[in-house]
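Working notes, beginning with the structure itself.
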Amino acid sequence: MALIVQKYGGTSVANVERIRAVAERVAKFKMLGHQVVVVLSAMSGETNRLIALAKDIQARPDPRELDMLVSTGEQVTISLLAMALKDLGLKAKSYTGGQVRILTDNAFTKARILSIDEGNMRRDLDSGHVIVVAGFQGVDAAGNITTLGRGGSDTSGVALAAALKADECQIYTDVDGVYTTDPRIVPEARKLDTITFEEMLEMASLGSKVLQIRSVEFAGKYKVKLRVLSSFEEEGKETPGTLITVEEDKTMEQPIISGIAFNRDEAKLTVLGVPDRPGVASQILGPIAEANIDVDMIIQNVGHDGTTDFSFTVNRGEYGRALKILEEQIKPHIGARAIEGDNKICKVSAVGVGMRSHPGVASMMFRSLAEEGINIQMISTSEIKISVVVDEKYLELAVRVLHQAFGLDKAPA
Ligand code: ADP
Ligand code: ASP
Ligand code: MG
């Protein structure tokens, strides 16, 4: 007998038929003698719908009230699934995050889980219930409902698996595993049987939304056995999906690059003609940080005339605010010549632990993009990834070209 946590995303619970299909899969695991905790997202599109409603009322919705609102999406699906399970003759009980007592900090809309009380769940599991928990939500110490950021149900699933010391955390979604890149952009993308935590962390942080980055961090930290699989496969035709592994598979020749990630959600800002003196970077980025805007890539070019150009990228949603701060506070304060912005850029990244032992990945990447006439605006590297910023109109081309250049469409020898 094993304890399994199964998380189902929005498309997997999109309507009554899909919810019944989830109930049937859960029932199968129960029949095999396992204990099952299910974590659900809202029906697909529901969270977006609720956010749009909020924005119709308030351009920048109050964070506490927004969390109160968007957390309702998950309450719909957990209660419906509990009913569907009962309809199949199983004992089942739905729980909101607060009812479990998933305690978070009070950073509304991007709260972090601090602790999980497993007592109630454990009692119900031991008396034969399937536990159905609302993903994406928790409560802070004062009892306010909080949410964990978009895609946060993945993190709820992994955190519950860690708290309950589950044997496996299964993330059911609309693709049958983690691919070499988003199969919706590159049909030739290949499913990976395994991927290391390190690589999955990079892929997630660089835009592959198949897993929320915090879920991967959690799984790595608490050694949760994490697997991504499809909820759409027919009975008897299920495949094992992708296992996220701690160890590199030493028995196989490692590919140099494991995947290509991309993120459209980026914008670039440039401060032109800044006097080149100590403290300039902090004078520019200080006010940006104070406004709680995360900065991703940064480059500074020193000119010959004693001035420099300073560029950085931010989340596209913060573009307007960042531009305003640069124009109104920073430009007059540091005596910059001009401010430029571009919110039609994207970031494309190649990720692979094999990069460590293979020089020449960067040059190969740059050459492949150049051959297609794609101009690189910014570059950043780490030990296992290379990212470039390019014009958004080249996103799909760049991803396809790199996917092919690194031989990702061919099965490893
Ligand atoms: P869910 O609603 O189940 O949480 P998401 O839409 O959040 O599903 O994540 C699944 C989607 O992630 C897939 O439909 C796919 O388009 C996208 N995706 C992006 N990169 C990858 C990748 N490397 N492998 C698999 N899917 C990916
Ligand atoms: N429903 C939330 C979202 O759409 C959480 C999730 O699906 O993981 O972001
Ligand atoms: Mg998701």
Side-chain angles (χ1 to χ4, degrees), residues 6-14 18 22 38-52 66-67 69-78 97 109-111 133-138 145-160 169-195 199-216 227-232 241-242 244 257-265 347-352 395-396 399 402-403 408-409:
Q6 299 187 332
K7 177 263 173 176
Y8 292 88
T11 46
S12 305
V13 292
R18 299 296 318 152
V22 169
V38 183
V39 177
L40 296 185
S41 291
M43 291 179 175
S44 61
E46 178 64 3
T47 309
N48 287 344
R49 186 185 76 86
L50 294 168
I51 292 172
L66 186 60
D67 277 359
L69 176 69
V70 296
S71 65
T72 61
E74 274 71 11
Q75 280 193 54
V76 172
T77 50
I78 55 167
T109 76
K110 45 175 187 268
V133 181
F136 179 52
Q137 56 174 266
I145 295 177
T146 55
T147 66
L148 310 179
R150 298 308 305 269
S153 299
D154 297 332
T155 302
S156 308
V158 175
L160 284 164
C169 181
Q170 304 174 337
I171 305 284
Y172 285 94
T173 182
D174 56 1
V175 283
D176 59 355
V178 178
Y179 278 67
T180 46
T181 192
D182 190 338
R184 287 180 214 287
I185 300 282
V186 182
E188 295 78 25
R190 273 187 314 103
K191 198 199 82 182
L192 301 165
D193 294 331
T194 62
I195 183 170
E199 288 170 318
M200 194 62 236
L201 264 180
E202 288 283 8
M203 292 281 281
S205 76
L206 295 168
S208 302
K209 67 167 185 166
V210 61
L211 286 175
Q212 198 201 34
I213 180 164
R214 283 187 188 169
S215 70
V216 188
R227 194 184 286 281
V228 175
L229 9 75
S230 167
S231 73
F232 286 77
T242 300
I244 323 296
I257 300 297
S258 298
I260 308 292
F262 57 85
N263 188 0
R264 296 174 202 276
D265 213 17
K347 182 166 72 176
V348 180
S349 310
V351 175
L395 176 103
E396 299 191 2
V399 173
L402 295 177
H403 193 264
L408 292 174
D409 37 6

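First listed ligand is number 1; within each ligand, the first listed atom is number 1.
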Quiz item: Going by heavy atoms, is Lys7 under 4.0 Å from ligand 1?
Solution: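 Yes, that is the case, since the closest heavy atom of the residue is under 4.0 Å from the ligand.
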Quiz item: Can Ser231 be said to touch ligand 1, with heavy atoms closer than 4.0 Å?
Solution: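 Outside the 4.0 Å threshold, so no.
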Exercise. Under 4.0 Å from a heavy atom of Arg150: give me the atoms of ligand 2 that qualify, with their elements.
Key: 3 (C), 4 (O), 9 (O)
Exercise. Below 4.0 angstrom from a heavy atom of Glu74, which ligand 2 atoms are there? Numbered from 1 as shown, please.
Key: 1 (N), 2 (C), 5 (C)
Self-check item: Enclosure of Lys110 NZ (heavy-atom neighbours >12, cutoff 6.0 Å)
Solution: no
Self-check item: Shortest reach to atom 22 (C) of ligand 1 by a heavy atom, considering only Tyr179, Phe262, Tyr172
Solution: Tyr179
Quiz item: Of the choices Asp176, Ile171, Leu206, Asp182, which has the non-hydrogen atom that lies closest to atom 18 (N) of ligand 1?
Solution: Asp182
Exercise. Without swapping roles, check the side chain of Glu74 against the backbone of Gly97 for a donor-acceptor pair under 3.5 Å.
Key: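 Side chain of Glu74 to backbone of Gly97, a donor-acceptor pair under 3.5 Å: no, none is there.
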Quiz item: Any donor and acceptor pair, going by atom type alone, linking the side chain of Ser208 with main-chain N or O of Val210 inside 3.5 Å?
Solution: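 Checking the backbone N and O of Val210 against the side chain of Ser208, no donor-acceptor pair under 3.5 Å is found.
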Quiz prompt | Reference residue Ser12; test side-chain hydrogen bond (donor to acceptor under 3.5 Å, both in side chains); the match among Ser231, Ser41, Ser230 | solution =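 Exactly one candidate clears the test, Ser231.
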Quiz item: What residue and heavy atom of the protein are closest to atom 7 (O) of ligand 2, and at what distance?
Solution: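 For this ligand atom, the closest protein heavy atom is Ser41 OG, 3.0 Å.
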Exercise. Check each heavy atom of Glu46 against ligand 2 and say whether those closer than 4.0 Å belong to the side chain, the backbone, both or neither.
Key: neither
Quiz prompt | Heavy-atom check, side chain of Arg18 versus side chain of Thr11, under 4.5 Å | solution = no
Quiz item: Do Asp67 and Thr109 have side-chain heavy atoms sitting under 4.5 Å apart?
Solution: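 When only atoms from C-beta onward are counted, Thr109 and Asp67 do touch, with a gap below 4.5 Å.
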Quiz item: Backbone or side chain, does any N or O of Phe136 fall under 3.5 Å from an N or O of ligand 2?
Solution: no
Quiz item: Do any N/O atoms on Asp154 end up under 3.5 angstrom from N/O atoms on ligand 1?
Solution: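 No; the residue has no nitrogen or oxygen that sits under 3.5 Å from a nitrogen or oxygen of the ligand.
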Quiz item: Which ligand 1 atoms are under 4.0 Å away from a heavy-atom of Gly10?
Solution: 2 (O)
Exercise. Mark up the atoms of ligand 1 that fall under 4.0 Å of a heavy atom belonging to Val178, in ascending order.
Key: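 By the 4.0 Å cutoff, the relevant atoms are 24 (N).
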Quiz item: Got a second to check how far Ile51's CD1 is from Arg150's CZ, nearest 0.5 Å?
Solution: 4.0 Å
Quiz item: Any ion pair linking Asp174 and Arg184 (charged N to carboxylate O, less than 4.0 Å)?
Solution: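 Counted as a salt bridge, because a side-chain N and a carboxylate O are separated by less than 4.0 Å.
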